[in-house]
Protein chains: 2
Amino acid sequence: MAERGRPRAFDRDLALRRAMEVFWTKGYDNASLADLTSAMGINSPSLYAAFGSKEALFNEAIVLYGKVEGPQIWDSLTSAPTAKEAISGYLRATAATFTQPGKPAGCMVILGVLNINDANEGVSRALRAIRAENREVLKQRLDEGIAAGELAADLDTAKVAAFYVTVQQGMSIQARDGANRETLLAIADSAMAAWEQLVG
Amino acid sequence: MAERGRPRAFDRDLALRRAMEVFWTKGYDNASLADLTSAMGINSPSLYAAFGSKEALFNEAIVLYGKVEGPQIWDSLTSAPTAKEAISGYLRATAATFTQPGKPAGCMVILGVLNINDANEGVSRALRAIRAENREVLKQRLDEGIAAGELAADLDTAKVAAFYVTVQQGMSIQARDGANRETLLAIADSAMAAWEQLVG
DNA sequence: CCGTTTATGTAGTGATCGATACATAAACCA
DNA sequence: TGGTTTATGTATCGATCACTACATAAACGG
């Protein structure tokens with residue numbers, strides 16, 4: 001069963017990747033349709049036919065962002081043998097991911113929308129939900145540390161997770177302000193210096 | 001020597017305060033002239049006659065913000081007897097300042113502009129300069145700690161200052177995401193848990 | 001009173017925003 | 001071939017953006 005009608009003349013996946021780069025660089029509000037269509041190499045009717053709207057395009061872009069940039073940040077949470085190494089790996093991978101040559105600095109989930117307005121409300125809510133989910137992932141890794149007998153049973157894992165997520169979000173702003181990888185790694189290590197006190 | 005011409009019909013200081021609240025709540029880009037004039041109770045020609053432009057109005061607003069909200073955040077840097085208490089007081093005052101009832105959550109200097117575009121470039125640069133200056137203030141307080149013989153002479157004060165500034169910037173995003181004062185205070189204390197390791 | 005100066009309210013400016021109407025093009029099936 | 005379906009390019013939509021031209025109003029000094 002072949003496709004009906006005139007075939008699409010551009011690569012949808014490639015166009016989505018270009019859109020992701022624009023959103024990552026400029027944020028949702030500052031990425032204009034002109035910016036997007038220019039980077040994607042198409043006209044706006046093609047964009048709307050293929051993706052529906054600017055908001056729907058962003059939603060697809062954020063999923064792609066999670067697939068492309070997420071693994072390197074989150075892998076240590078499952079691969080590291082201890083909770084401490086998991087969190088440390090998460091922060092150090094963040095430092096590396098936020099300062100990749102040729103890619104925008106900082107995190108699209110954190111910087112995509114910060115100041116809410118009528119037009120970006122849906123996108124803003126989606127990003128906030130992802131941030132809350134990420135904090136929950138950290139907490140669950142800490143809870144696993146308790147289950148493994150590695151951490152004290154009465155440890156306030158929500159509090160510790162909130163702290164390390166906060167550091168990561170601060171690192172996003174630092175990256176946008178021009179901090180290099182070495183600086184971000186030092187910040188990550190500084191945050192880990194609190195570990196023994198926090199879990200002890 | 002009295003003023004010439006028709007006298008201004010509104011309170012300039014009060015109008016500036018209202019503008020500050022709008023900028024603080026919505027950020028520079030999302031604060032439209034309609035938002036501003038509505039909150040200030042004036043028409044746009046009066047705004048331009050009194051303040052010059054949206055950017056000039058923001059510049060005045062950020063100075064006012066520093067005068068109104070700055071002291072409670074920075075006072076401990078001069079009043080606290082030790083460097084540790086100074087930094088701790090700075091973070092705990094931040095937690096309180098970012099969650100004042102009836103005021104916008106988070107910091108206007110951090111959240112005012114994050115995604116740069118053609119229109120906000122000047123404002124963005126100004127805010128980034130303030131953030132860099134704030135980091136320098138922290139560093140200098142730590143340097144004073146060295147001069148007082150309280151901290152080791154070879155302590156990397158720039159690194160420590162960068163860490164605590166990063167935590168504060170993360171707290172701004174947390175506040176925007178709805179974190180309450182208790183949560184922010186716990187984050188501040190968590191950051192201070194790294195202190196002995198960082199300076200030791 | 002008159003002339004000057006500054007502020008105000010109305011009503012716009014051109015530019016840009018996200019999103020579309022419409023005619024045409026290019027594929028399919030019968 | 002003709003009919004259907006989908007994509008494309010042009011050209012634009014109304015809304016909103018920051019900003020201002022202009023006539024009028026309200027104060028001053030003379």
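These numbers come from the heavy atoms of this one structure, side chains and all, not from hydrogens, waters or symmetry mates. Convention: sequence-line order gives letters A, B, ...; per-chain numbering from 1.
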### Task
State whether A:Tyr28 and A:Lys54 meet the cation-pi test: NZ (Lys) or CZ (Arg) under 6.0 Å from the six-membered ring centroid, and within 45° of the perpendicular axis.
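Because its charged atom sits under 6.0 Å from the ring centre and within 45° of the axis, A:Lys54 does stack over A:Tyr28.
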Nearest-Å distance, [atom1] ([X]) to [atom2] ([N])?
X       : N      : atom1 : atom2 : result
A:Phe10 : D:dT6  : CZ    : C1'   : 12 Å
A:Leu33 : D:dC13 : CG    : P     : 17 Å
B:Asp11 : C:dA7  : CG    : C1'   : 15 Å
B:Asn30 : D:dA18 : CG    : C1'   : 14 Å
A:Arg6  : C:dC29 : CZ    : P     : 18 Å
A:Ile42 : C:dG18 : CD1   : C1'   : 14 Å
A:Tyr48 : C:dA19 : OH    : C1'   : 4 Å
A:Leu47 : D:dA7  : CG    : P     : 13 Å

### Query
Closest nucleotide of DNA chain D for B:Asp35 versus for A:Ser46: which of these residues is on the 5' side?
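Comparing both residues, the 5'-ward one is A:Ser46.
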#### Entry: B:Lys54 vs B:Gly5, nearer the 5' end of DNA chain D by closest nucleotide
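The residue closer to the strand's 5' end, by nearest nucleotide, is B:Lys54.
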### Query
Taking OP1 and OP2 of C:dG9, is either one under 4.0 Å from a side-chain nitrogen or oxygen of B:Asn43?
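For C:dG9, OP1 or OP2 has a side-chain N or O of B:Asn43 closer than 4.0 Å.
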### Query
Using 4.0 Å as the upper bound for N to carboxylate O, is an ion pair formed by A:Asp143 and A:Lys139?
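The answer is yes: the pair qualifies as a salt bridge.
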### Query
Donor-acceptor pair under 3.5 Å: do we get one between A:Arg8's side chain and the base of D:dA7?
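No.
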### Query
For the base of C:dT20, is there a side-chain donor-acceptor partner from A:Ser44 under 3.5 Å away?
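Side chain to base: pair found, below 3.5 Å.
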### Query
Counting N and O atoms only, with roles assigned by atom type, does the side chain of A:Asn43 sit under 3.5 Å from a partner on the main chain of A:Pro45, one being a donor and the other an acceptor?
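It does not hold such a pair.
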### Query
Of the nucleotides D:dC19, D:dT8, C:dT5, which one has an atom closest to the side chain of A:Ala9?
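It is D:dT8.
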### Query
C:dA21, C:dG9, C:dC17: which one has an atom nearest the side-chain heavy atoms of B:Pro45?
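Of the options given, the side chain of B:Pro45 lies nearest C:dG9.
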### Query
Counting heavy atoms not belonging to A:Glu121, are there more than 12 under 6.0 Å from its CD?
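Incorrect, the count does not exceed 12.
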### Task
Verify the distance criterion only: is there a donor paired with an acceptor across the side chains of B:Arg128 and B:Ser124 at less than 3.5 Å?
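Their side chains do contain a donor-acceptor pair, which is all the 3.5 Å distance test asks for.
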### Message
Regarding A:Pro7, tell me which of base, sugar-phosphate or nothing describes its non-hydrogen contacts under 4.0 Å with the strands shown.
### Response
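A:Pro7: backbone/sugar contact only, no base atoms under 4.0 Å.
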